[in-house]
There are 2 protein chains.
Amino acid sequence: MIKCHLSRMMGERRLKISDVARETGLNRGTLTRLYHETAERVELDVLDALCTYFHCQVSDIFEFNPNPVPKGENMAP
Amino acid sequence: MIKCHLSRMMGERRLKISDVARETGLNRGTLTRLYHETAERVELDVLDALCTYFHCQVSDIFEFNPNPVPKGENMAP
DNA sequence: CACTTTTTGACCTGCAGAAGATCATTATTT
DNA sequence: AAATAATGATCTTCTGCAGGTCAAAAAGTG
């Protein structure tokens with residue numbers, strides 16, 4: 001599965017969704033979906049804006065995990 | 001800008017669009033758009049299927065290029 | 001070479017999901 | 001406590017991929 005690390009990247013920088021939305025101009029709903037990993041698609045413009053904003057690569061935001069965690073494990077609150 | 005390396009990855013393996021479409025089950029139109037970099041969004045399912053198929057990471061397929069090539073340059077044939 | 005098969009690009013319609021806006025609830029500030 | 005900000009949820013609109021088809025181009029075959 002594809003894992004989105006936006007929440008981690010924001011956490012490391014102590015950023016709020018509203019901060020990123022304001023400073024990137026991206027839609028807050030879009031960021032919320034990426035943050036909570038409920039997004040099922042990504043606009044390349046959005047990915048571009050995030051990479052620019054975080055000065056990072058695509059791989060810092062999206063990671064392919066060939067070994068998804070089995071259900072019910074690693075679910076610490 | 002976000003660069004898609006699908007054409008390079010396919011070229012290295014001498015794969016045709018129809019090969020990848022057949023073997024991944026992905027829509028040919030979708031692959032054509034990624035191949036020619038006319039796609040403006042990516043379904044995460046599609047990205048997952050491509051990473052699985054090529055045994056690669058997201059960064060092998062998508063790259064963020066903070067220094068896009070100026071118009072009219074590097075446009076060999 | 002001509003003929004067949006495969007691949008490709010282009011186009012169309014339907015539809016899934018992001019964009020954009022709004023509202024109620026919850027945090028945070030003052 | 002009151003005011004402000006942030007968030008989650010929900011709704012409508014709109015963009016562009018999925019899926020299909022068609023004609024042209026490429027590759028394969030006798």
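Keep in mind the model is a prediction, meaning the values are calculated, not measured. Scope of the values below: all heavy atoms of this structure, side chains included, with no hydrogens, waters or symmetry mates. Order of the sequence lines fixes the chain letters, A, B, ..., with proteins taken first and strands second; residue numbering starts at 1 for each chain.
Between the P atom of D/dT21 and the CZ atom of B/R28 lies a distance of 12 Å, rounded to the nearest Å. Taking atom CD1 on B/I17 and atom C1' on D/dA26, their separation rounds to 13 Å, with Å as the unit. Straight-line distance from the CG atom of B/N27 to the P atom of C/dT8: 14 Å, rounded to whole Å. If you take CG of B/L47 and P of D/dC17, they are 14 Å apart, rounded to a whole angstrom. Straight-line distance from the CG atom of A/L31 to the C1' atom of C/dA18: 11 Å, rounded to whole Å. As a whole-Å value, the separation of B/L34 CG from C/dG9 C1' is 15 Å. B/K16 places its NZ atom 7 Å from the C1' atom of C/dT7, with the value rounded to the nearest Å.
Side-chain proximity of A/R22 to the nucleotides D/dA6, D/dT7, C/dA10 is greatest for D/dA6. Among C/dT7, D/dG8, D/dA6, the nucleotide with an atom closest to any side-chain atom of A/D19 is D/dA6.
For DNA chain C, no neighbouring residue in residues 2-12 of chain A is found when judged by any heavy atom under 4.0 Å. DNA chain D is contacted by B/A39, B/E40, B/R41, B/V46 of residues 36-46 of chain B, taking any non-hydrogen atom closer than 4.0 Å.
Between the side chain of A/E37 and the main chain of A/C4, a donor-acceptor pair closer than 3.5 Å is present. A distance-only check finds no donor-acceptor pair linking the side chain of A/R14 to the backbone of A/M10 [under 3.5 Å].
At least one side-chain heavy atom of B/F62 sits less than 4.5 Å from a side-chain heavy atom of B/V42. Using a 4.5 Å cut-off on side-chain heavy atoms (C-beta onward), A/T24 and A/V46 make no contact. Contact of the B/R33 side chain with the B/T38 side chain is registered, since non-hydrogen atoms from C-beta on lie closer than 4.5 Å. Counting heavy atoms from C-beta outward, B/S59 and A/V58 have side chains that stay 4.5 Å or more apart. Within the 4.5 Å cutoff, side-chain heavy atoms of B/L50 are placed close to those of B/V20. Annotation: side chain of A/T52 is in contact with side chain of B/F64 (closest heavy-atom distance under 4.5 Å).
Applying the salt bridge (Lys or Arg N to Asp or Glu O under 4.0 Å) test to every pair with at least one member in residues 45-59 of chain A, sequence neighbours left out, gives no pairs at all.
Applying the 4.0 Å criterion to OP1 and OP2 of C/dG9, one finds that B/R33 has every side-chain N and O outside that range. The side chain of B/T32 places no N or O atom within less than 4.0 Å of a non-bridging phosphate oxygen (OP1 or OP2) of C/dA10.
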